[in-house]
Amino acid sequence: INAGLAHSQKVCFADFKHLCYKMAYFHELSSRVSFQEARLACESEGGALLSLENEAEQKLIESMLQNLTKPGIGISDSDFWIGLWRNGQGQTSGACPDLYQWSDGSSSQYRNWYTDEPSCGSEKCVVMYHQPTANPGLGGPYLYQWNDDRCNMKHNYICKYEPEINPTAPVEKTYFTNQPGDTHQNVVVTEAGIIPNLIYVVIPTIPLLLLILVAFGTCCFQMLHKSKGRTKTSPNQSTLWISKSTRKESGMEV
């Protein structure tokens, strides 16, 4: 992990198309990356820079950023690269917004531009504002809305990962464990569903249970067999004792 990387989470949601996301935040400005570097970093892990399909996904990302930047953690103002960009020369302001596209190939038309954005010109790559301490501008606080910026600027970034196709995998619920002052990579704890877990535990134990039943049955059979053997010998012993006593009495009569 880069020494300047203060927080990095990869979080999967069972209730949001099973998609996974990762927030990469760097304390030191010198450790932050350009748009292209962020894009390559996400793709090297099998993901892509964040694309947003609708307002629900936008709100989901906002809640993750709010959790990541809770009071006391020490994260300062810092924007995050998302996967929207414009390829080509500067265009007139009227046509410019239509030229932006998602780097992961998404056809989503959802946009959440800040007031008077995109400004276009030499600014071709898009960030999600995260400047909680900045004074509000004409469009309100500089939080979570989008702004186009020069692609060589240094920012944090957000990756997005498609769900793995594995229908037998347990459903995961995500819990954040951020603690104030934590300088290490955040831990994401997953909790598997109860029913899938029971299935995974019971099925492998069936052969063992059968073996125990066979052994128990064999033991019971042997004990029952011995018990019957003892019952059969008892009358013989009693008859033998009576027979001996009879012979002695006969001798005395003679």
Side-chain angles (χ1 to χ4, degrees), residues 1-11 20-52 58 60-88 90 100-104 112-114 116-137 139 141-161 176-188:
I1 302 175
N2 190 305
L5 183 60
H7 291 271
S8 178
Q9 294 179 321
K10 185 175 181 182
V11 182
C20 302
Y21 304 89
K22 185 180 80 170
M23 311 290 181
Y25 170 77
F26 299 87
H27 256 312
E28 299 175 5
L29 179 61
S30 59
S31 298
R32 296 173 188 171
V33 298
S34 67
F35 179 86
Q36 186 63 16
E37 289 171 331
R39 181 178 177 178
L40 292 175
C42 293
E43 292 176 354
S44 69
E45 298 178 344
L49 268 177
L50 175 68
S51 61
L52 292 140
Q58 168 74 25
L60 178 70
I61 298 301
E62 290 180 18
S63 67
M64 293 177 68
L65 287 175
Q66 289 168 1
N67 186 79
L68 182 68
T69 57
K70 288 187 297 187
I73 293 180
I75 292 184
S76 60
D77 293 356
S78 53
D79 298 333
F80 288 80
W81 288 120
I82 61 175
L84 194 65
W85 73 304
R86 173 170 54 90
N87 187 12
Y100 282 86
Q101 58 188 346
W102 297 105
S103 60
D104 66 354
N112 189 38
W113 294 112
Y114 189 79
D116 296 332
E117 301 295 346
S119 54
C120 300
S122 61
E123 298 179 339
K124 301 178 182 179
C125 299
V126 178
V127 294
M128 183 179 291
Y129 271 138
H130 188 269
Q131 299 178 23
T133 67
N135 293 325
Y142 293 100
L143 278 173
Y144 313 128
Q145 291 180 294
W146 307 353
N147 169 52
D148 58 339
D149 200 356
R150 295 193 303 276
C151 298
N152 61 352
M153 295 296 288
K154 304 294 184 178
H155 295 297
N156 305 305
Y157 59 90
I158 304 173
C159 299
K160 181 177 181 179
Y161 307 85
F176 298 95
T177 60
N178 296 340
Q179 297 296 330
D182 188 5
T183 57
H184 299 287
Q185 190 171 13
N186 288 344
V187 178
V188 179

*Asks:* Taking the inter-plane angle between the rings of Phe80 and His130 on a 0 to 90° scale, is it parallel (under 30°), tilted (30 to 60°) or perpendicular (over 60°)?
*Replies:*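 Perpendicular.
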*Asks:* Looking only at side chains, do Tyr142 and Asn147 share a donor and an acceptor under 3.5 Å apart?
*Replies:*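 No, no side-chain donor-acceptor pair sits under 3.5 Å.
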*Asks:* Closest heavy-atom contact between Leu49 and Ile82?
*Replies:*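 Distance-wise, the nearest heavy atoms are CD1-O, 3.9 Å.
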*Asks:* When rounded to the nearest 0.5 angstrom, what is the spacing between CG in Asp79 and OH in Tyr129?
*Replies:*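 Output value for this atom pair is 7.0 Å.
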*Asks:* If you measure only the distance, is there a donor-acceptor pair under 3.5 Å linking the side chains of His155 and Asp149?
*Replies:*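 Judged by distance alone, the side chains do pair up.
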*Asks:* Spell out, as yes or no, whether a donor-acceptor pair under 3.5 Å connects the side chain of Ser103 to the backbone of Gly83.
*Replies:*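 Checking the backbone N and O of Gly83 against the side chain of Ser103, a donor-acceptor pair under 3.5 Å is found.
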*Asks:* Rounded to the nearest 0.5 Å, how far does CG of Leu65 lie from OG of Ser78?
*Replies:*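 Reported value, rounded in 0.5 Å steps: 9.0 Å.
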*Asks:* Going by side chain to side chain contact (heavy atoms under 4.5 Å, CB included), name the residues that satisfy it together with Gln145, two or more places apart in sequence or in a different chain.
*Replies:*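 If we apply the side chain to side chain contact (heavy atoms under 4.5 Å, CB included) test to Gln145, skipping adjacent residues, the hits are Asn112, Tyr114.
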*Asks:* Could you check if a side-chain atom of Pro118 sits within less than 4.5 angstrom of a side-chain atom of Glu123, using non-hydrogen atoms only?
*Replies:*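 Not in contact.
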*Asks:* If you round to the nearest 0.5 Å, how far is CG of Leu40 from OH of Tyr157?
*Replies:*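 Answer rounded to 0.5 Å: 10.5 Å.
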*Asks:* Atom CG in Leu29, atom OG in Ser31: separation rounded to 0.5 Å?
*Replies:*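 Here the rounded value is 8.5 Å.
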*Asks:* Could you state the interatomic distance from CG (Asp148) to OG (Ser119), rounded to the nearest 0.5 Å?
*Replies:*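 Here the rounded value is 4.0 Å.
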*Asks:* Leu52 versus Trp102: any side-chain heavy-atom pair under 4.5 Å?
*Replies:*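 Side chain of Leu52 against side chain of Trp102, heavy atoms only: contact under 4.5 Å found.
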*Asks:* Which heavy atom in Pro136 sits nearest to a heavy atom in Pro141, and how many Å separate them?
*Replies:*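 It is CB-N, 3.9 Å.
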*Asks:* Side-chain contact test, heavy atoms from C-beta onward, threshold under 4.5 Å: evaluate it for Arg86 versus Val126 and give yes or no.
*Replies:*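 Not touching, per the 4.5 Å side-chain cut-off.
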*Asks:* So which heavy atom on Asn156 is nearest to which on Tyr25, and how close?
*Replies:*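 Heavy atoms only, the tightest pair is ND2-CD1, 3.2 Å.
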*Asks:* Partners of Ser34 by side chain to side chain contact (heavy atoms under 4.5 Å, CB included), sequence neighbours excluded?
*Replies:*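 Residues passing side chain to side chain contact (heavy atoms under 4.5 Å, CB included) with Ser34: Gln36, Glu37, Lys154.
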*Asks:* Which residues pass the side-chain hydrogen bond (donor to acceptor under 3.5 Å, both in side chains) test with Gln101, not counting sequence neighbours?
*Replies:*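 Gln101: no side-chain hydrogen bond (donor to acceptor under 3.5 Å, both in side chains) contacts found.
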*Asks:* Could you tell me which residues satisfy side-chain hydrogen bond (donor to acceptor under 3.5 Å, both in side chains) with Gln58, sequence neighbours excluded, listed by chain and number?
*Replies:*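 Scan of Gln58 (side-chain hydrogen bond (donor to acceptor under 3.5 Å, both in side chains), adjacent residues dropped) gives Glu62, Trp146.
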*Asks:* Give a yes or no on this: more than 12 heavy atoms of other residues, nucleotides or ligands lie within 6.0 Å of atom CG of Asp116.
*Replies:*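 Counting other residues, nucleotides and ligands, CG of Asp116 stays at 12 neighbours or fewer.
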*Asks:* How would you list, by chain and number, every residue that makes a side-chain hydrogen bond (donor to acceptor under 3.5 Å, both in side chains) with Thr133, sequence neighbours excluded?
*Replies:*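 Result, side-chain hydrogen bond (donor to acceptor under 3.5 Å, both in side chains) vs Thr133: Asp77.
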*Asks:* Mind checking whether Ile158 and Met64 have side chains closer than 4.5 Å, heavy atoms only?
*Replies:*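 They are not in side-chain contact.
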*Asks:* From Cys42 SG over to Lys22 NZ, what is the distance, rounded to the nearest 0.5 angstrom?
*Replies:*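 Atom-to-atom, Cys42:SG and Lys22:NZ are 6.5 Å apart.
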*Asks:* What residues, two or more places apart in sequence or in another chain, satisfy side-chain hydrogen bond (donor to acceptor under 3.5 Å, both in side chains) together with Tyr161?
*Replies:*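 Partners of Tyr161 under the side-chain hydrogen bond (donor to acceptor under 3.5 Å, both in side chains) test: Glu45.
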*Asks:* Mind running side-chain contact (heavy atoms from CB on, under 4.5 Å) on Met23 and Ile61 for me, showing each step along the way?
*Replies:* CA-CA 9 Å; Met23 311 290 181; Ile61 298 301; 4.0 Å; yes
*Asks:* Which pair of heavy atoms, one from Gln131 and one from Leu143, lies closest together, and at what distance?
*Replies:*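 Result for this residue pair: N-CD2, 4.0 Å.
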*Asks:* Taking side chain to side chain contact (heavy atoms under 4.5 Å, CB included) as the test, write out the residues that go with Cys125, two or more places apart.
*Replies:*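 Scan of Cys125 (side chain to side chain contact (heavy atoms under 4.5 Å, CB included), adjacent residues dropped) gives Phe35, Trp81, Trp85, Cys151.
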